[in-house]
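Structure, as structure tokens:
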Protein chains: 2
Amino acid sequence: MEPVALIVQKYGGTSVGDTERMKNVARRCLAAQRAGHDVVVVVSAMSGETNRLLKLVAQITDRPDEREQDVVVATGEQVSIGLVAMAIHAQGGKATSFLGHQVRIVTDSTFSKARIKSIDAQPIRSALAKGHIVVVAGFQGVDEEGSVTTLGRGGSDTTAVAVAAALQADACEIYTDVDGVYTTDPNMVPAARKLERIAYEEMLELASVGAKVLQIRSVEFAMKYKVPLWVKSSFSQDPGTLVCEEDKSMEDVLVRGVAYDRNEAKITVSGVPDVPGIAAKIFGPLDEKHIVVDLIVQNPSKDGRTDLTFTVGKSDFAKAQEVVRKAAAEIQALGIETDDNIAKVSIVGVGMRNHSGVAARMFTALSSEGINIQMISTSEIKVSCVVHSKYTELAVRALHTAFGLDQPLPPEGVVTVSETAALKGEKV
Amino acid sequence: MEPVALIVQKYGGTSVGDTERMKNVARRCLAAQRAGHDVVVVVSAMSGETNRLLKLVAQITDRPDEREQDVVVATGEQVSIGLVAMAIHAQGGKATSFLGHQVRIVTDSTFSKARIKSIDAQPIRSALAKGHIVVVAGFQGVDEEGSVTTLGRGGSDTTAVAVAAALQADACEIYTDVDGVYTTDPNMVPAARKLERIAYEEMLELASVGAKVLQIRSVEFAMKYKVPLWVKSSFSQDPGTLVCEEDKSMEDVLVRGVAYDRNEAKITVSGVPDVPGIAAKIFGPLDEKHIVVDLIVQNPSKDGRTDLTFTVGKSDFAKAQEVVRKAAAEIQALGIETDDNIAKVSIVGVGMRNHSGVAARMFTALSSEGINIQMISTSEIKVSCVVHSKYTELAVRALHTAFGLDQPLPPEGVVTVSETAALKGEKV
């Protein structure tokens with residue numbers, strides 16, 4: 001028998017996709033309660049519901065008032081919490097639902113992507129003390145003025161982690177349609193394996209380079225408040241993956257996962273006069289238009305001119321070209337080239353901190369498949385390469401194999417001396 | 001040019017049935033604002049939406065938790081206010097939406113049929129002062145504990161009148177798919193005419209005997225706070241019908257309208273021992289089961305026994321029979337008979353107060369069509385008769401003709417001396 005704990009469970013849109021699945025969620029909550037736990041459940045809108053609401057909005061106007069759009073889309077989660085609470089009642093349990101404003105999930109006033117500032121855990125604690133399962137609406141909050149706000153796509157994960165942090169919960173379990181975090185996208189690489197554990201920082205890097213299993217903000221939140229975060233399937237009893245603080249044994253694995261992102265596009269400004277302040281004249285105007293620039297590479301200068309290459313999200317591509325063309329003319333650059341047939345493939349792992357040669361091994365793996373690397377970017381625990389998008393699958397599979405991820409992981413706690421030893425002495 | 005006024009407009013489900021219609025509502029609100037008025041608009045859920053939500057509830061359980069059901073169904077109006085406010089923005093206006101809890105529409109905790117206790121007009125006044133059109137969610141409130149409540153079917157009318165009362169508005173306009181209150185159901189009687197004015201009390205009686213144009217509670221509310229209430233069509237520019245305080249000229253019309261109700265059923269307990277307290281033994285248990293009894297008739301006693309006949313709503317019919325069968329056995333009545341092929345036809349008018357013979361004229365009109373009267377009930381300004389349901393249309397048309405309602409009304413203020421004189425001296 002597990003010890004009594006306070007558990008926050010979060011169920012996404014697929015897990016509450018219809019009323020039968022909601023009954024399944026109710027069963028799972030009740031099972032956790034019967035096991036002796038206090039249970040708080042955060043739910044998303046039924047899958048398809050937010051899109052249905054946004055379609056109504058689009059029929060009214062293509063430039064919706066942001067405050068009012070949040071009023072509309074926040075209803076998706078409201079329907080879900082009422083139905084899930086009802087389903088718990090119908091199965092003989094006790095449940096109380098709470099909307100964002102009812103537990104004072106206070107956010108800033110950035111409608112459609114508000115940030116949580118505080119949560120009042122008291123109403124939740126009171127309901128738990130009465131033996132109720134508490135059902136909280138994900139994705140929504142309320143600003144200081146009392147207006148409804150939403151947290152942006154995937155915001156329910158953030159709600160769950162924030163509620164877990166506010167309650168100092170023992171665990172936050174994110175239920176989804178996959179049964180954990182994988183070494184890479186299992187739809188692309190059949191050899192992908194589910195991880196037992198992954199460090200917050202690794203998860204954060206993986207999410208930022210294309211892995212979609214958790215929203216970046218929810219991982220940041222969990223890391224900041226040290227909330228143990230489980231990724232599990234709502235359709236199985238699999239223990240899932242634990243996202244947690246890094247410990248010594250995690251460093252024995254060089255690369256935890258391989259991610260890819262085909263949603264970026266590349267812009268090269270060629271023949272840029274190589275004088276101080278010139279980069280600011282390109283990236284300043286992009287920033288003013290709220291265009292996020294990802295990788296940046298500057299070639300060595302030649303004859304007082306250089307080439308600047310960078311990537312932006314595909315959704316900003318058209319706007320970015322317009323801004324950059326104007327800036328390029330102003331600084332008298334020689335021209336611009338664009339390319340949206342690119343993919344960014346990345347390897348992530350805290351083990352990189354203590355081992356050299358990881359980037360080199362990555363470049364070797366790619367080149368031995370004949371894949372040309374267009375751009376490179378590294379961080380302490382990540383290496384990303386931009387390649388032609390046609391190589392995406394090939395690159396991901398090659399890296400997955402090259403870093404030993406096709407093989408089963410050693411059992412937790414067992415240090416694979418041979419593997420780490422074999423890597424010693426390599427250099428990038 | 002009309003003087004500047006504070007106007008509350010209410011649009012029902014049909015008027016906001018799709019996004020095109022919402023744009024139409026926005027245009028109407030803006031037109032009223034451009035005419036110099038302060039405009040508050042109360043909207044219902046899009047037609048069909050509440051039923052869609054209740055269907056989801058029914059898929060979860062057939063005995064839903066009432067608190068949670070209100071959480072779910074209140075979303076219908078939330079979607080509407082966001083979309084209507086957005087449509088006003090999109091047409092160049094300014095608008096702010098408010099949910100029940102945001103303007104503190106505080107109700108009791110009778111979920112699914114809560115009663116309004118108070119409204120905080122301040123947020124509405126602030127937004128109006130900034131030149132905004134204020135869009136308030138109908139049908140919903142919040143109880144003292146902060147839980148979402150709903151006011152029952154048609155509750156948006158009540159919201160509109162309550163908001164108008166709280167703001168001391170100059171008028172409350174109820175927009176619907178008919179262009180006013182008619183002398184009777186125009187779908188049944190082509191000769192039905194639209195009324196220019198009707199007294200609160202008449203509207204109340206008509207609503208209570210089957211007319212569906214306004215919810216009874218909203219009329220009570222308007223009467224109590226003397227809110228001038230207009231019934232208008234959202235699809236025309238027709239001035240509609242004014243529901244207002246009774247004045248002298250209204251008494252010149254004997255019967256304002258004819259209503260019918262086919263949603264009742266009749267139960268007769270025969271051979272009831274005619275001893276004191278026996279009625280309580282039948283109606284007490286019905287009351288305990290929250291079954292509302294409408295008409296009650298007791299036949300003259302014969303051999304120490306009497307027959308008791310009464311009507312209940314058809315939805316309570318099965319439950320009522322069960323209760324009454326048990327009670328009848330206990331009091332040793334001889335038996336019970338039931339009949340759900342009945343209709344209640346009623347005539348209503350404040351003119352009845354000062355004129356006798358109205359009931360007699362009603363009975364004559366029915367009997368001359370060969371319609372047998374099964375039960376009779378009268379109030380100061382209403383006479384109702386229960387007849388076989390197959391006679392409904394015939395009875396309504398006969399009464400409509402008999403009381404001169406087929407003819408155009410005299411212009412306001414002109415007393416039709418001949419008609420009133422002709423009725424003098426008649427007795428029931």
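Letters A, B, ... mirror the listed sequences (proteins, then strands); counts begin at 1. Please read all numbers here as calculations on a predicted model, not as lab measurements.
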Self-check item: Segment of B:M22 engaging chain A (4.5 angstrom heavy-atom cut-off)
Solution: side chain
Quiz item: Are the charged groups of A:K23 and A:E20 less than 4.0 angstrom apart, N to O?
Solution: yes
Quiz item: How are the rings of B:H101 and A:H101 set relative to one another: parallel (under 30°), tilted (30 to 60°) or perpendicular (over 60°)?
Solution: parallel
Quiz item: Going by an N to O cut-off under 4.0 Å, is there a salt bridge joining B:K117 and B:E144?
Solution: yes
Quiz prompt | Short N-O contact, B:K10 and B:E77, less than 4.0 angstrom | solution = no
Quiz prompt | Heavy-atom pair count under 4.5 Å with chain B, highest-scoring of A:L99, A:T96, A:V148 | solution = A:T96
Self-check item: B:V135, part contacting chain A, at a heavy-atom distance under 4.5 Å
Solution: neither
Self-check item: Options A:V57, A:V84, A:I81, ranked by heavy-atom pairs under 4.5 Å with chain B, top entry
Solution: A:V57
Practice problem: Tell me, for A:S80 versus chain B, whether the close heavy atoms (under 4.5 Å) come from the side chain, the backbone, both or neither. | Solution: neither
Quiz item: chain A heavy atoms under 4.5 Å from B:A95: which part of the residue, side chain, backbone, both or neither?
Solution: backbone
Self-check item: Leading residue by heavy atom contact count with chain B [cutoff under 4.5 Å; candidates A:D65, A:T61, A:V72]
Solution: A:D65
Practice problem: Mark yes when over 12 heavy atoms from residues, nucleotides or ligands other than B:Y225 sit less than 6.0 Å from its OH; otherwise mark no. | Solution: no
Self-check item: Atom CD of A:Q91 with >12 non-hydrogen neighbours under 6.0 angstrom
Solution: yes
Practice problem: Would you please classify the geometry between the A:Y11 ring and the A:Y175 ring as parallel, tilted or perpendicular, with 30° and 60° separating the classes? | Solution: parallel
Quiz item: Of the backbone (N, CA, C, O) and the side chain (C-beta and beyond), which part of B:Q102 lies under 4.5 Å from a heavy atom of chain A, both, or neither?
Solution: side chain
Exercise. With a 4.5 angstrom heavy-atom cut-off, could you sort out which part of A:A26 is near chain B: side chain, backbone, both or neither?
Key: neither
Practice problem: Please look at A:R67 and chain B and tell me whether the side chain, the backbone, both or neither of the residue comes under 4.5 angstrom of a heavy atom of that chain. | Solution: side chain
